[in-house]
Amino acid sequence: MPLKIYNSLTHSPEEFVPIQDGKVSMYTCGPTVYNYAHIGNFRAYIFEDLLRRTLKYCGYSVHQVMNLTDVDDKTIRDSIAAGLSLDTFTAKFKSSFFEDIETLRIEKAEEYPAATDHISEMIALILTLIDKGVGYVGDDKSVYFAINQFPNYGQLANIDLNEQRPGERVQADEYGKESVADFALWKHWNEDDGDVYWESPWGRGRPGWHIECSAMSMKYLGNHFDIHTGGIDNMFPHHEDEIAQSQAATGEKFVNYWLHCGHLIVDGAKMSKSSGNFFTLRDLLDKGYTGREIRWCLLAGHYRQQLNFTFDGLDAARTVLQRIDDFLRRLRELANEPDNGLDRAKSITAASESSFREGLEDDLNISLAIAALFDCMRETNKSIDNREISGDAASCILDYCRSLDVVFGLLDVDGAETAVPREIQDLVDERLAARTARDFARADELRDKIHAAGWRIEDTPKGTRVRI
RNA sequence: GGCGUGGUAGCCAAGUGGUUAGGCAGGGGUCUGCAAAACCUCGGACACCGGUUCGAAUCCGGUCCACGCCUCCA
């Protein structure tokens, strides 16, 4: 079965066919580095991670580029407020972004170009657009893109500009436009920009927002590449403008497949600082949740649906991951025992794998993929309870889980055991002695103490097991 | 006003004409000294009103509700 993905450009599901056999070129809109990224941002990056991992699972090699927007209104505003140079200010948030994606087990892209390192590419692109008559210098010395010169404008967002209500958020520095719908390619310096500016053929200024993605994606991936992604809110105007700029400049098709993920909401409401439901990744880590638990929550819903993030969901994620960990631990223990039940193991993994693959190939239906994992776990546990699986059969299932984790990035198949501290082990030994002496009151008392210290205890036929 | 999503059990979440989605939580059981873990099992569902059909959560029409975008938000 081929991979099917929903293409926002054609508004329909399509079979994915790369430009170059076996290779995928993909551009993903990255963070604006003016603050710690919030979980809504990470929803998008996790969707992109799922896409990347699914493509790899399907056998493609992936070349992914993610931009870092390190110059815009907000980075300038906040760096000035902080009394720092733009570079110093954004450097901090660039590095925190990389820490955060590591926490969330997001695979790294091949390139992370920063806007400020590509000003000359942007200027060159703007010059081309002016040359071709679609870019013009406005009364305010900024450069704008004339959308009436680009007939296909609005295809992605399915927008007819004549039907649009002009927004109320018109920036003071956008008054130089010929038409209200035109957008800035280059913004002429004004005093709010402080010492942030670059020299250009149009005087001091800085790039518009959209031009960085056009310039950098084409530099690293070519004029025409496979996939471009982002949050649904980027569809208009950002991606629409990228298409207009890029195609007007090159005369070639820009991107074959556009994918957009839905928004994240918190407790059923839009996340906003004023509602008190705004969380960065770091806020959640401070509350004691792990990156893996947060990854589960952000990954578990279909990417095109709005995702409702709740603390109940985080708690459920903890339970689920515990269950998965227990399952994998059980298999690791059994792998050292005599071989038994390899055929059974193979039939379990084959059944699970086919629905796992089928789910992912159907526009990244992660719910089916997760259900396939649980089906495998339930069937395997059942067989283990019946003493039908051990040795090479257990290893076979572990290998299978390793293959699923290429996509999930959640299973600690070879998870290291946490060392049990001396004082806890002493209590466990003491309890064991009490049990042997059938002094269950004393044994239970000791178990309570061990629980209170944050450790769990399980009596199995092979002895007592202790863990966090 | 334009464009677009969605409403599935206590909660999360697939499914788009017929055949168990899955998970968390809850009830009952097996196992265990008791637990834990695991397994078995149970209940509980398709926003509302019509229509099409042998059959509708799924298709059609209408209603209600929620949400997103409409110029620098993932």
Side-chain angles (χ1 to χ4, degrees), chain A residues 8 11 28-32 37-48 69 72-74 147 154 157-171 174 177 180-184 187 208-210 229-238 240-241 260-265 268-271 296-297 300-302 304-310 312-313 315-320 322-323 326-327 329-330 355 359 362 365-375 377-378 380-386 435 438-441 443-444 447 451 456-461 464-465 467:
Chain A
S8 304
H11 314 283
T28 49
C29 280
T32 302
H38 59 69
I39 53 173
N41 300 127
F42 286 116
R43 198 269 160 112
Y45 307 141
I46 284 198
F47 144 62
E48 287 150 3
T69 299
D72 82 321
D73 292 349
K74 291 184 296 253
I147 63 163
N158 193 20
I159 276 177
D160 180 349
L161 283 170
N162 300 322
E163 307 268 345
Q164 298 306 299
R165 259 185 204 174
E168 279 148 34
R169 293 184 286 168
V170 176
Q171 301 291 312
E174 289 184 350
K177 299 191 281 191
V180 71
D182 291 352
F183 59 90
K187 301 172 104 164
W209 177 36
H210 319 300
T229 72
I232 192 165
D233 51 341
N234 274 164
M235 206 154 106
F236 190 86
H238 183 52
E240 193 70 56
D241 291 349
H260 294 95
C261 69
H263 263 145
L264 173 138
I265 58 175
K270 185 176 179 175
M271 184 167 72
W296 178 277
C297 288
H302 186 91
R304 283 194 284 121
Q305 300 298 358
Q306 195 172 67
L307 176 72
N308 189 18
F309 187 89
T310 64
D312 283 350
D315 294 336
R318 175 164 294 180
T319 310
V320 163
Q322 183 78 253
R323 190 180 151 202
D326 287 346
F327 172 73
R329 173 197 308 263
R330 202 178 185 198
S355 58
D362 185 12
N365 190 331
I366 191 73
S367 298
L368 290 180
I370 290 172
L373 169 66
F374 282 113
D375 288 345
M377 286 171 56
R378 199 179 47 253
T380 302
N381 274 322
K382 204 185 294 188
S383 292
I384 293 174
D385 281 1
N386 294 335
R435 284 186 77 219
R438 303 194 67 77
D439 181 358
F440 295 120
D444 290 350
R447 181 167 61 197
H451 277 182
R456 287 198 295 153
I457 227 169
E458 289 176 15
D459 297 322
T460 74
T464 297
R465 178 191 290 151
R467 53 220 180 87

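Remember, predicted model here, so these are calculated numbers, not experimental data. Every chain is numbered from 1, with letters handed out A, B, ... down the list of sequences.
Taking only side-chain atoms of A/Phe440, from C-beta outward, the nucleotide of B/C34, B/C72, B/G33 with the closest atom is B/G33. Among the nucleotides B/C69, B/A21, B/A13, the one closest to the side chain of A/Ala371 is B/A21. Minimum atom distance to the side chain of A/Trp209 is reached by B/C73, of the listed B/U71, B/A38, B/C73. When the nucleotides B/G33, B/A35, B/A14 are ranked by their closest atom to the side chain of A/Ile457, B/A35 comes out on top. Ranking B/A37, B/U5, B/C39 by closeness to the A/Asn381 side chain, first place goes to B/C39. The nucleotide whose nearest atom lies closest to any side-chain atom of A/Asp375 is, among B/G22, B/A35, B/C72, B/G22. Picking from B/C72, B/U5, B/G33 the nucleotide with the shortest atom distance to the side chain of A/Lys187 gives B/C72.
As rounded to the nearest Å, B/G10 and B/A45 have P atoms that lie 8 Å from one another. Only the C1' atoms considered, B/A25 is 15 Å distant from B/A13, to the nearest whole Å. Taking atom C1' in both B/A47 and B/U5, one finds a spacing of 16 Å when rounded to whole Å. Rounded to whole Å, the P atom of B/A37 lies 13 Å from the corresponding atom of B/G27. Spacing of C1' atoms, B/U20 relative to B/C70, comes out at 44 Å, to the nearest Å. If you take atom C1' in B/C48 and the same atom in B/A66, they sit 15 Å apart, rounded to whole Å. Rounded to a whole angstrom, the distance from the C1' atom of B/G50 to that of B/G43 is 32 Å. Taking the C1' atom of each, B/A9 and B/G26 are spaced 12 Å apart, rounded to whole Å.
With a cut-off of 3.5 Å on both pairing distances, the Watson-Crick or G-U wobble partner of B/G1 is B/C70. Nucleotide B/U58: unpaired (no Watson-Crick or G-U wobble partner with both distances less than 3.5 Å). For B/U63, the paired base is B/A47 (Watson-Crick or G-U wobble, both distances below 3.5 Å). A 3.5 Å limit on both hydrogen-bonding distances identifies B/G10 as the Watson-Crick or G-U partner of B/C24. B/A38 is paired with B/U30 under the criterion used here, namely a Watson-Crick or G-U wobble arrangement in which both key atom distances are under 3.5 Å.
For A/Arg378 and B/G23, the shortest distance from a side-chain N or O to OP1 or OP2 is below 4.0 Å. Taking side-chain N and O atoms only, A/Asn365 has no distance below 4.0 Å to OP1 or OP2 of B/A14. The shortest distance between the side-chain N/O atoms of A/Lys270 and the OP1/OP2 oxygens of B/C67 is not below 4.0 Å. Neither OP1 nor OP2 of B/C39 sits under 4.0 Å from any side-chain N or O of A/Asn386.
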Practice item. For A/Lys187 and A/Asp73, run side-chain contact (heavy atoms from CB on, under 4.5 Å): C-alpha distance rounded to whole Å, both residues' side-chain angles, the deciding distance at 0.1 Å, then the answer. Key: CA-CA 11 Å; A/Lys187 301 172 104 164; A/Asp73 292 349; 3.8 Å; yes

side-chain contact (heavy atoms from CB on, under 4.5 Å) assessment of A/Ile457 paired with A/Arg465: CA-CA 6 Å; A/Ile457 227 169; A/Arg465 178 191 290 151; over 6 Å; no

From CA spacing to verdict: side-chain hydrogen bond (donor to acceptor under 3.5 Å, both in side chains), A/Asp459, A/Thr464: CA-CA 4 Å; A/Asp459 297 322; A/Thr464 297; 3.0 Å; yes

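A salt bridge between A/Arg435 and A/Asp444 is absent, with no side-chain N of the basic residue lying under 4.0 Å from a carboxylate O of the acidic one. A/Arg456 and A/Asp326 are joined by a salt bridge, as a carboxylate oxygen and a charged side-chain nitrogen come within less than 4.0 angstrom of each other.
For A/Gly230 against A/Phe47, the heavy-atom pair with the smallest separation is O-CE2, 4.3 Å.
When heavy atoms are screened at a 4.0 angstrom cut-off, A/Glu458 is found touching base atoms of the nucleic acid. Counting any heavy atom pair closer than 4.0 Å across all strands shown, A/Ala317 reaches no nucleic acid atom. Within 4.0 Å of A/Gly313, counting heavy atoms only, lies no atom of the nucleic acid at all. Residue contacts shown for A/Glu48 are absent, as no nucleic acid heavy atom lies under 4.0 Å away. Counting non-hydrogen atoms under 4.0 angstrom, A/Ile370 reaches nothing in the nucleic acid. Note on A/His302: only backbone sugar-phosphate atoms sit closer than 4.0 angstrom, heavy atoms only; bases stay farther off. Nucleic acid contact class of A/Ile384 (heavy atoms, under 4.0 Å, all strands): none.
A residue-by-residue look at A/His263 and A/Thr310 shows that A/Thr310 has its nearest nucleotide of RNA chain B further toward the 5' end. Place A/Cys261 and A/Trp296 on RNA chain B by their nearest nucleotides, and A/Trp296 ends up nearer the 5' end.
Looking at residues two or more places apart in sequence or on another chain, you find no side chain to side chain donor-acceptor pair (under 3.5 Å) involving A/Thr380. In this structure A/Ser8 satisfies the side chain to side chain donor-acceptor pair (under 3.5 Å) test together with A/His260, sequence neighbours excluded.
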Is there any protein nitrogen or oxygen under 3.5 Å from a nitrogen or oxygen in nucleotides 24-32 of chain B, and what are the pairs?
unit_1 : atom_1 : unit_2   : atom_2 : d
B/C24  : OP1    : A/Arg323 : NH1    : 3.2

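With a 4.5 Å cut-off on side-chain heavy atoms, A/Cys297 and A/Phe309 count as touching. Within the 4.5 Å cutoff, the side chain of A/Met235 has no heavy atoms near those of the A/Glu240 side chain.
Looking at A/Lys74, its side chain has no donor and acceptor atom pair within 3.5 Å of the base of B/C73.
Distance A/His238 NE2 to B/C73 P: 10 Å, rounded to the nearest Å.
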